[in-house]
Amino acid sequence: MHKKFDSGEIEKKWQAIWKESGIYNVGERDLTKPKSYVLVEWPYPSGNLHIGHWYAFAVPDIYARYKRMTGHQVLYPMGFDAFGLPAENAAIKRNLNPKDWTYENMAFMREQLERMGNMFSWDKTTNSTDQDYYKWTQWMFTQFFEKGIAYRGKGIVNWCPGCNTAVANEQVLADGTCERSGDMIEKREMPQWMMKITDYADRLIDDLDTVAWPEHIKEAQRQWIGRSKGAKINFTLSTGDVVTVFTTRPDTLFGATYLVLAPEHPLLSKSEVRGETSNLADVDVYVKSATQKDEQDRLDATKEKTGVKLDAVFATNPASGEQIPVYVADYVLGGYGTGAIMAVPAHDERDYAFATKFELPVKCVTLAREIISQMNITTNPNERDGYSILLEKYKNGEGFHPGYGTLINSGEFDGMDSEEAQEKIVAKVGGEMTSTYRLRDWSIGRQRYWGVPIPIVYSPEGEAHIVPKEHLPWVLPEDVDFKPTGVAPLAKSEALKKRTEEIFGAGWTPEVETMDTFVDSSWYFLRYLDNKNEGGLASLEAQKEWMPIDMYFGGAEHTTMHLLYSRFWQKALFDLGLVTESEPYKQRVNHGMILGPDGNKMSKSKGNVVDPDAQVALVGADTVKIYLAFMGPYADSSYPWDFGGIAGVRRFLERVYGLVDHIGDSEPTELTRQLHKTIAKVGTDILEFKYNTAISAMMILVNLAEKGSITKASYELFVRILAPFAPHLTEEIWTQLGHTSSVHAETFPVADMTLAIDETVVIGVQINGKLRGNITIAPDATEGEALNAVQDNPLLQEKLLSGTLKKVIYVPGRILNLLLQ
RNA sequence: GCUGCGGUGGCGGAAUGGUAGACGCAAUGGACUCAAAAUCCAUCGAUCGCAAGGUCAUGAGAGUUCGAGUCUCUCCCGCAGCACCA
C-alpha cells in the first residue's frame, strides 16, 4: 500500500536533494548532446511571486524538461531585472536603501522560485544590479557612444513644473496633471541620451523573415516600426527656401494644391516665412498653442482640422509649375517624415477635410481603378449608376478617392498607372525614393537614482567623454538623497563629483542620469552564458556554444518594446563583433494572463488575488504547475482561476500515486495500446505548447489503469512521461519503485506504434450525409467489409431500403457515407 | 478608423474537412456514514418521445463539398495594440 500523498513533505525532500546534488546545474557545454537554450523573461524582484510568475516559469519548465529528457543539454536560466523605479519608491516610503530592499526581495524570491521545483540552471544566474553585470552594460554603452549609436539628442518629455523634473507617461493623469504635485504637465524639449535604433529599422523588419516566430508577433513589430515607402520631394518657396516633403504617393504630385508645414517646422523661425505684417500674430499664436497642445488632443482624429495660412509666401509645385499656398497645421507632425507634406485633397482624406474647410482647390489626378471597374459604361445619362456619378463628382473636385489607378491632369504622365508613374515623376522633379518610419530613437536617460549610471563625464568645456574601461564599473554612489527634489539624484552625490575630479581632473563633472531598465534586459541572455567572465560581457566561445536562444517564452506586453530593443541591441553588438548572432531569438511564444476567479484581472482592490504560496501549501507545487498547464493552450489568451479545477488536478495526482496498488503481472491490451498512444501524444503536444491536451491524455490513461491492473514496466513508462509535469511526485514514485538514480536522468520514452494499433474502431455511418448509426470494424477494413458490417446492422439496413445505393464514400477509420438515389 | 486575435454546453476547454462537446470543473441522483467531508457509481447541449429513435445546435447569413466548428464571402459582437504616419 502506498503512503499518503503528502505533497509538502515529498517536495521539500526532493528540492533539498536536487539542490545538494546540483542535478540541474548546466556546467560546461557537453558537445555530445545537441543544445537547447530555453529562456523565460527574468522577473523584477517586487518582493513576492504571484501567479503570473508561476505561469511564466513553471509551465515552460515542462518544455525545458522535455527537451532535457529527449537528449538535449538544456540551459534554462533565471535571474533578476533588479534596477527600476519601484525600489526607489519603496525605499522612499519605508526609509530604506533601494539596494537593501532589492537584495532582500531577491533572496526571498529565490527561495520561492526554488519551491516551484523547476530545473533552473542556477549556476548561470545573474542580476542587472550586480556590479559585474552593469560594468558590461556600461562598457557596451561606451562602445556605442564611440560608434555614434548612443548619442546626446533632443527629446520631448513631460515636464512637471511643480516637481521641477521630467515625469514618466504613466505618472501623468488623464486630465494632463501630475499625479504627485497636481500641476499641469508641459511638453518640453530637453537634451536626452538616445540610442539610434532608427538606423536599424530596415534590418529589424527584414530579419524577421529569418526567425520562426508566430506571424502575429512579427506583424506587431512591423506595425510598430511602421515603415512607409515613398519619396522625398523638394518644393521651393517664394523666399527661396526649400521645403522637403515626404509622400507615399508621389504619383499624385500634380494634384498637390497646397503645402502644409508642421507647427514644429524649423522654417517657421524665419521671419520671411512667418510673415511680417498682420498675419504674423495669427501664425505665432497658432504655432505656440499647437506645440503646447496635449498630444492626446492633437492626435484626436475626430476633431476638426485647424491651421493658418502663411500669407507671406507661396510654393511652386515642381511638377505642374503652379503656385500653391502654404499653411501651418497641427495635423502634420513635426516628428514624423520631414515635418511637411504636399497636400493632395483629391486623394487623401485629411487633406480633403482641410481643403474643404479652407476652400482650397481639389484637383483630381487619378481615375481610381476601384471606381472605374465598378462603373457602368453607358452613354445614357439616365442609366448611369452611383459609381459613375461619384466619379464625375470627384473629377470635379467634390470628394476624394485614395485608390490607385490611371493618371489624368498630369502632363506627360497622363494615362500611366499610378505605381509605374511614381519613380518617373520623382525622377523628373529631382526627388528621391526613400522610406520613413514611425519608430523613433530610443531615449535611454532617466533622472533617477536606482539604475545603471551612464558612464559619461564632461570636460570643463562641457564636452562628453566616455569613462574608460579601467574605471568601470562606474559605480552607483551611495551617498545620495534620492527623494524627489527636482534634481537628478546623482547630481547630489559628493562622492561621484569627487571621484570624477580625481580621475579626470578639476572642473570635470559626471553625467548624472541613469539608464532605462530596458537596457539591462537587452542583453541578460548573453550574460547567463558566461556569468563569471571578468574579461568581457560573454565570450564568443560561450556564445557559439549556446546562441541563438531556441525558445523564448514571455508576456504579450513585451512584444514591441523589450523584444525590439533587445533585437536592436544584439544587432548593434553584432556590428561591433561582440556577438555571434544578429538575431537573438529563434522562436518566441507569448503567454496570456491568469485572471481572478471572478474573471477579472487580479488586483488587491478587487480582492480576487490568488496567492501561489498558499496554493502550494495546500495542494503542492506539482499540482499548481499542472493546473496552470491544464487551463488551456499556452498561448496569448487569458484564463480565470478555478479552485474546483485545481482540486481536480490534485485528485489526478493522487490517483497516479495510488496506481502503485494496481501494479500486476499483466495488463489489458487496451491499456498497453493507450499507453503508447499517450506517449506519442504527450511528446508532440509539448512541442506545440498544448500541455492541456497532453495532461488530458494522461488522465484518460490513469482512468483506464485504475479499472484493472498495470505492469510495473508500463507504470514506469508512464511515470517518465509525467516527469516533466510533476517532477517531485514522479521522483518519489520512481524511488519507491526501487530505482536509486533520478527519474530526471531518464530519457523520455519512445512510443512503440506497433503496440498502439487498434484492433477495431467504431466509425460513423452516414446516409446522404446524415449520421444514422455506427459500425465496428478493423481500422484498415476494406469498403466491402465495411458494407458487410452495415448489412449486419438491422437499423441501418432498414434505412437503406428507402432508396437505391448510388455512391459509397469510405474513409478507413473515419467515416462511411452512403448516398442513396 | 486601422492592424492582429477570437466567438463551441452552466464554466475552462477538445475536435489531420470525417460520429461536435475529449479531459477537467460545477450540478443532479445514488452508495458508504449517526452525520458531514472524502471516496465510489450513475446522469449531465436543447428539444420531441414510454421507448426505439427523431429534430435542432459551434455569433448571424450565404457559398464550396458526399460531408463544414474547421475552407470562401458578407455582416454582428468581444479582446488587445496602434492611431491626423503624409
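Quick caveat: nothing in here was measured; it's all calculated off a predicted structure. In the text below, chain A, chain B and the rest are named by the order of the sequence lines, each starting its count at 1.
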Exercise. How many Å lie between OH on A:Y437 and C1' on B:A83, as a whole number?
Worked result: 20 Å
For this session: Look at A:T559 and B:G81 and indicate whether a side-chain polar atom (N or O) is within less than 4.0 Å of OP1 or OP2.
Result: no
For this session: Using Watson-Crick or G-U wobble geometry with both distances below 3.5 Å, tell me the partner of B:G9, or none.
Result: none
Seminar exercise, completed: When rounded to whole Å, the CD to P distance for the pair A:E798 and B:G54 reads 10 Å
Atom pairs under 3.5 Å: protein N/O with N/O of nucleotides 46-50 of chain B:
none

For this session: Compare side-chain N and O positions of A:R440 against OP1 and OP2 of B:C85 and report whether any pair is under 4.0 Å apart.
Result: no
Seminar exercise, completed: Atom CZ of A:F5 and atom P of B:U39 are separated, to the nearest Å, by 14 Å
For this session: Quick one: look up who B:A27 pairs with, Watson-Crick or G-U, both distances under 3.5 Å, and put none if it's unpaired.
Result: B:U43
For this session: Choose from B:G18, B:C84, B:G4 the nucleotide whose nearest atom is closest to any side-chain atom of A:D330.
Result: B:C84
Exercise. Between B:C56, B:G12, B:G4, which nucleotide gets closest to the side-chain atoms of A:M631?
Worked result: B:G12
Exercise. For B:G78, is chi within 90° of 0 (syn) or not (anti)?
Worked result: anti
Problem set entry | Base-pairing mate for B:A68 - Watson-Crick or G-U, with both contacts under 3.5 Å | none
Exercise. On a whole-Å scale, what distance lies between the C1' atoms belonging to B:C48 and B:C41?
Worked result: 30 Å
N/O donor-acceptor pairs under 3.5 Å from side chains in residues 247-254 of chain A, not counting sequence neighbours:
unit_1: A:T247; atom_1: OG1; unit_2: A:R249; atom_2: N; d: 2.9
unit_1: A:R249; atom_1: NE; unit_2: A:D251; atom_2: OD1; d: 3.2
unit_1: A:R249; atom_1: NE; unit_2: A:D251; atom_2: OD2; d: 3.2
unit_1: A:R249; atom_1: NH1; unit_2: A:P402; atom_2: O; d: 2.8
unit_1: A:R249; atom_1: NH2; unit_2: A:D251; atom_2: OD2; d: 2.9
unit_1: A:D251; atom_1: OD1; unit_2: A:Q422; atom_2: NE2; d: 2.8
unit_1: A:T252; atom_1: OG1; unit_2: A:R249; atom_2: O; d: 2.8

Problem set entry | Pairwise P distance for B:G21 and B:U16, with rounding to whole Å | 13 Å
Problem set entry | Of A:T560 and A:A340, the one whose closest RNA chain B nucleotide lies more 5' | A:T560
Problem set entry | Side-chain heavy-atom pair A:F400, A:H347 within 4.5 angstrom cut-off | no
For this session: Verify, without hydrogens or angle tests, whether A:T338 (side chain) and A:A340 (backbone) share a donor-acceptor contact under 3.5 angstrom.
Result: yes
Problem set entry | Geometric cation-pi criterion, A:R650 with A:F5: 6.0 Å, 45° | yes
Exercise. A:K799 near the nucleic acid: base, sugar-phosphate alone, or nothing, with a heavy-atom cut-off under 4.0 Å?
Worked result: sugar-phosphate
Problem set entry | Rounded interatomic separation in angstrom, taking CG from A:D636 and P from B:C79 | 15 Å
Exercise. Can you find a heavy atom in the side chain of A:T257 that is under 4.5 Å from one in the side chain of A:P345?
Worked result: yes
Exercise. Roughly how far apart, to the nearest Å, are B:A62 and B:C76 at atom C1'?
Worked result: 15 Å
For this session: Please measure how far the C1' atom in B:U65 lies from the corresponding atom in B:C71, and state the result in whole Å.
Result: 10 Å
Problem set entry | Any residue meeting side-chain contact (heavy atoms from CB on, under 4.5 Å) with A:E785, in chain and number order, not counting sequence neighbours | A:A781, A:T782
For this session: Please state the P separation for the pair B:C50 and B:G6 - nearest whole angstrom.
Result: 45 Å
Problem set entry | Watson-Crick/G-U partner (both atom distances under 3.5 Å) of B:A22 | none
Problem set entry | Between C1' of B:C84 and CZ of A:F354, the distance in whole Å | 12 Å
Problem set entry | For B:C79, the Watson-Crick or wobble counterpart (both distances under 3.5 Å) | B:G4
Exercise. Are there more than 12 heavy atoms of other residues, nucleotides or ligands under 6.0 Å from atom NZ of A:K601?
Worked result: no
Exercise. Reckon A:Y639 touches a base, only the sugar-phosphate, or nothing at all at heavy-atom distances under 4.0 Å?
Worked result: sugar-phosphate
Seminar exercise, completed: Residue pairs meeting salt bridge (Lys or Arg N to Asp or Glu O under 4.0 Å), one or both in residues 214-230 of chain A, sequence neighbours left out, come to A:D202-A:R227, A:D206-A:R227, A:D209-A:R222, A:E215-A:R222, A:E219-A:R222
Exercise. Do the side chain of A:N768 and the main chain of A:L820 share a donor and acceptor less than 3.5 angstrom apart?
Worked result: yes
For this session: Write down the distance between NZ (A:K806) and P (B:G67), rounded to a whole number of angstrom.
Result: 11 Å
Exercise. Out of B:A86, B:C66, B:A14, which has the shortest distance to the side chain of A:Y336?
Worked result: B:A86
Exercise. Considering residues at least two apart in sequence or located in another chain, which fulfil the side-chain contact (heavy atoms from CB on, under 4.5 Å) criterion with A:L704?
Worked result: A:E670, A:L671, A:Q674
Problem set entry | Spacing of the P atoms in B:G18 and B:G69 (rounded, Å) | 10 Å
Problem set entry | Same-atom distance (P) from B:C2 to B:C75, integer angstrom | 11 Å
For this session: Sticking with atom C1', work out how far B:G24 lies from B:G13, rounded to a whole angstrom.
Result: 9 Å
Problem set entry | A:R588 and A:E41 ion-paired at < 4.0 Å | yes
Exercise. Checking A:K305 against A:Y331: charged group under 6.0 Å from the ring centre and within 45 degrees of the axis?
Worked result: yes
Problem set entry | Gap between atoms OH and P, on A:Y627 and B:G13 respectively (whole Å) | 10 Å
For this session: State which of B:C85, B:G18, B:G4 makes the closest approach to the side chain of A:L333.
Result: B:C85
Seminar exercise, completed: Counting primed atoms, P, OP1 and OP2 as sugar-phosphate and everything else as base, the B/S/- map of nucleotides 19-29 of chain B against protein heavy atoms under 4.0 Å is B--BBSSS---
For this session: Using atom CG of A:L795 as one end and atom P of B:A51 as the other, report the distance to the nearest whole Å.
Result: 17 Å
Exercise. With a 4.0 Å cut-off on heavy atoms, is A:R772 in touch with a base, just the backbone sugar-phosphate, or nothing at all?
Worked result: sugar-phosphate
Exercise. Under 4.0 Å: is that the gap between some side-chain N or O of A:K770 and OP1 or OP2 of B:C56?
Worked result: yes
Exercise. Paired with B:U33 by Watson-Crick or G-U wobble geometry, both distances under 3.5 Å: which nucleotide is it?
Worked result: none
